[in-house]
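Just so we're on the same page: letters track the sequence lines, and every chain starts at 1. What you are looking at is a predicted structure, and each value in this text was computed from that prediction instead of being measured.
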Amino acid sequence: METNKQVRVRFAPSPTGGLHLGGVRTVLYNYLFARQHNGKFILRIEDTDQTRFVEGAEQYIYDCLHWCGLTPDESPLTGGPFAPYRQSERKPIYYNYALQLVKAGYAYYAFDTPEELEAMRERLKAANSHSLQYDHHSRMGMRNSISLSEEETIQLLENGTPFVIRIKIQPNETVICNDLIRGEIHFDTSAVDDKVLLKADGMPTYHLAVVVDDYLMQITHAFRGEEWLPSAPIHILLWQYLFGLDNMVKWAHLPLILKPDGNGKLSKRDGDRLGFPVYAMNWTDPVTGELTKGFKETGFLPEAFNNLLSQLGWNDGTEQEIFSMSELIEKFSLQRVHISGAKFDFEKAKWFNHEWIKSASAKRLLPDITTLLNNNGIDTGNKNLFEIIDLIKDRCTLLTDFIEHTRYFFIPPKTIDVASIAQKWDEKKKTFFESLIPIFEKAEEWNSITIETLFKAHASTHEIKIGELQMILRVFLVGCKAGPGVFHITTILGKEDTINRIISGIKQL
RNA sequence: GCCGCGUUGGUCAAGGGGUUAAGACGCCUCCCUUUCACGGAGGAAUCACGGGUUCGAAUCCCGUACGUGGUACCA
């Protein structure tokens, strides 16, 4: 074990649109691990499938990582010592390695057309074969450099016949994946198929590209979703054939994030169906124009998003659930990453956000809230938003809740909830409020304590219980029975606004 | 079908031979507040099943069931 090697980890997404929360969690774990070990976090773009190119998808990934604060040390954007970091720009590299494998007898040319492959599967299905794979059973019946004579192969190659390069899997061998999270996993190569390594367009498949690039970019640890586990033997064999097992990355397969109801991997569709975001940020499909909501726009704080993601598959063994980024960097450990998948619970996700909003300073929240309110037609210019945020943040689970909870500070209620106070309203109370106005007008100081004192003194001279009066005042000011202490509200509203709303309220009853 | 992985309340989970099987979310009750929250105090609810091993199993072993991932010239 080369313990002195600098830790280098990578996130290698395919830019096909949207960034799933599971992807962000993979980024997070990579990032935490890199920071904890003073290593490097690399972003590599796996764009080898040219048929799946999506406009803007790569930029979107940068935007998401930026919002989350999980920015890579090396990427196509920032560059780095192992550039290029976009696989489409590394195309020639892979061909040479594929060729090397063919020469060594670990891979071979295959000339089968998609139709022939389909026919093969049909044939195997009809024969009741328990494997429908292109493998040691079936490859002799196909058109490839193993089944064909050398002359035929050369002829086909010289004729420019389209070909792929497939790995040649030897049956009856055991490949062991030593997973950092799950321990030893054994695979019998008899059940592994001859996967395509190099496609007919000269691009590598994922299998070849990860191995080659992880080696070339000196990656030390490879974290990826559990869905990759079945193809691990291919990658391990490739490492063995190309670069040696001693140089191989250490693998860690992360548990899946499952849909809340039923079972299966959480997908964008589940979010649409159940009404919660799955992507980090809003994503608009450039072709269909369809918008998929993101956590950011739903009103999540990036601190909360990272925090909740960190707990979806890991905990530190104590009762602590709220972690700052620096705590996570300090405490994260692969040993405590779970083995089994977790169903995503949006209620719990919101709880995390609520906790972060409650403990956030008004200063931290101010820029986000200002933008949010302004975008929603609320002019915050003449009021102390700082103070308002402090007053109401406890009742905001999502950032977007600030709209509803701050609106009445800026905009007088058009109508008030008459029904909630109508029964308590009588001539005596009307007189009380009418005579309250000149008292307020004459008030020299306008703060929560003096207003309350004035109000209560006036109530006692009228011999009315203050409770009901406060409720009425609240509805006059806010429009409904909600919000923080009513005298705090009058303070922020100011004398003029308070009096105007009382006058307006009396008129509506 | 075949191969891999998994299974502690509704959900997230701690616990890895002896525990009254933590805690959190959600739900319910009460207190605080003549509002809504926040906060506080309680409550209901769990080791998939069957065999072993053991004085003793949620914990170790083997089966079974169920779930899930893969089985593309997608990643």
Side-chain angles (χ1 to χ4, degrees), chain A residues 12-16 46-49 51-52 110 112-114 117-118 121 124-125 128-135 162-166 177 179 182 185-188 190-193 195-207 209-210 224-233 253 255-256 258 260-265 308 311-322 336 338-352 354-355 358 392-397 401 405 417 420-421 424 465-471 474-475 478 480-486:
Chain A
S14 179
T16 51
E46 307 229 346
D47 56 349
T48 54
D49 187 353
T51 64
R52 294 210 300 169
D112 316 278
T113 64
L117 291 171
E118 186 49 37
R121 290 187 196 105
L124 291 171
K125 208 183 284 178
N128 240 330
S129 166
H130 46 186
S131 162
L132 305 180
Q133 299 177 329
Y134 201 118
D135 58 14
F163 67 89
V164 300
I165 292 177
R166 307 186 88 110
C177 177
D179 188 276
R182 289 150 207 277
I185 300 157
H186 297 241
F187 297 92
D188 183 347
S190 304
V192 177
D193 61 340
K195 281 266 180 294
V196 170
L197 262 22
L198 198 80
K199 303 187 253 188
D201 64 0
M203 278 291 193
T205 59
Y206 173 82
H207 306 296
V210 247
R224 56 182 4 177
E226 194 196 320
E227 69 267 31
W228 288 107
L229 205 44
S231 48
H253 291 89
L256 264 16
L258 278 10
D261 58 340
N263 296 293
K265 276 200 290 186
L308 74 92
Q311 299 299 289
L312 224 45
W314 173 86
N315 70 70
D316 77 341
T318 72
E319 288 180 11
Q320 185 175 354
E321 291 188 281
I322 302 297
R336 293 200 63 90
H338 307 143
I339 267 174
S340 56
K343 290 183 183 175
F344 179 68
D345 180 2
F346 188 54
E347 291 306 316
K348 183 85 185 218
K350 284 194 292 191
W351 175 81
F352 277 105
H354 194 189
E355 291 299 309
K358 280 190 293 180
I392 62 142
K393 64 180 184 175
D394 278 1
R395 61 204 82 207
C396 296
T397 298
D401 293 337
H405 288 295
D417 182 9
S420 70
I421 50 171
K424 292 169 184 159
K465 279 193 287 182
I466 48 145
E468 286 181 10
L469 293 172
Q470 273 185 50
M471 196 70 255
R474 167 182 300 282
V475 174
V478 177
C480 64
K481 296 165 51 165
V486 72

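Looking at heavy-atom distances under 4.0 Å, Gln133(A) makes contact with sugar-phosphate atoms alone, never a base. Within the nucleic acid shown, Glu226(A) comes within 4.0 Å of at least one base atom, counting heavy atoms only. Among the atoms of the strands shown, only primed sugar atoms or phosphate atoms (P, OP1, OP2) are found under 4.0 Å from some heavy atom of Gly264(A). Lys358(A) comes within 4.0 angstrom of the backbone, heavy atoms only, and of no base. Across all strands shown, Asp112(A) has heavy atoms under 4.0 Å from base atoms, whether or not it also approaches the sugar-phosphate. Across all strands, Ala342(A) comes closer than 4.0 Å only to sugar-phosphate atoms, never to a base (heavy-atom distances). Using a 4.0 Å heavy-atom distance criterion, Leu256(A) is classed as a sugar-phosphate-only contact. Residue contacts for His405(A): at a heavy-atom cut-off of 4.0 Å it reaches no nucleic acid atom on any strand shown. Heavy atoms of Val196(A) sit under 4.0 angstrom from primed sugar atoms or phosphate atoms, though from no base atom.
Taking atom NZ on Lys265(A) and atom P on rU68(B), their separation rounds to 13 Å, with Å as the unit. In this structure, His338(A) places its NE2 atom 20 Å from P of rG69(B), rounding to the nearest Å. Taking atom NE2 on His207(A) and atom C1' on rA72(B), their separation rounds to 9 Å, with Å as the unit. Note: CZ (Arg224(A)) to C1' (rC5(B)) measures 14 Å, nearest angstrom. Spacing between atom NE2 of His354(A) and atom P of rA24(B) amounts to 17 Å, rounded to whole angstrom units. What separates CG of Asp401(A) from P of rC38(B) is a distance of 12 Å, to the nearest Å. Atom CG in Leu229(A) sits about 19 Å away from atom P in rC2(B), given to the nearest Å.
The phosphate of rC5(B) has neither OP1 nor OP2 within less than 4.0 Å of any side-chain N or O from His253(A). Checking the phosphate oxygens (OP1, OP2) of rU68(B), no side-chain nitrogen or oxygen of Lys343(A) falls inside 4.0 Å. Phosphate contact (OP1/OP2 of rA75(B), side-chain N/O of Arg52(A), threshold under 4.0 Å): absent. Not one side-chain nitrogen or oxygen of Arg121(A) sits closer than 4.0 Å to the OP1 or OP2 atom of rC2(B). Dashed line: the shortest gap from a side-chain N or O of Thr48(A) to OP1 or OP2 of rA75(B) is under 4.0 Å. The phosphate of rA14(B) has OP1 or OP2 within less than 4.0 Å of a side-chain N or O from Asn315(A). Applying the 4.0 Å criterion to OP1 and OP2 of rA37(B), one finds that Lys393(A) has every side-chain N and O outside that range. Under 4.0 angstrom from either OP1 or OP2 of rU71(B) there lies no side-chain N or O belonging to His130(A).
In terms of modelled atom types and a separation under 3.5 Å, the side chain of Lys199(A) and the main chain of Thr48(A) share a donor-acceptor contact. Of the possible donor and acceptor atoms, none in the side chain of Arg336(A) sits under 3.5 Å from a partner among the backbone N and O of Trp314(A). Listed for the Arg474(A) side chain is a donor-acceptor partner under 3.5 Å among the backbone atoms of Gly483(A).
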(message) Show me the dot-bracket string of RNA chain B, counting Watson-Crick or G-U pairs under 3.5 Å, with | for pairs to another strand and [ ] for crossing ones.
(response) ((((((((.[[[..)..(....]]].(((((.......)))))....[[[[[..)....]]]]])))))))....
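Residue side chain Lys195(A) does not reach the base of rA72(B) through any donor-acceptor N/O pair under 3.5 Å, judged by distance alone.
Taking only side-chain atoms of Pro114(A), from C-beta outward, the nucleotide of rA22(B), rC73(B), rC3(B) with the closest atom is rC73(B). Nearest nucleotide to the Tyr206(A) side chain, out of rA75(B), rA14(B), rU34(B): rA75(B).
Taking 4.0 Å as the cut-off between side-chain N and carboxylate O, Arg52(A) and Asp49(A) count as a salt-bridged pair.
RNA chain B is contacted by both Gln470(A) and Thr205(A); Gln470(A) maps to the nucleotide lying nearer its 5′ end (nearest heavy atom per residue).
One C1' atom belongs to rG4(B), the other to rG40(B), and the distance between them is 49 Å to the nearest Å.
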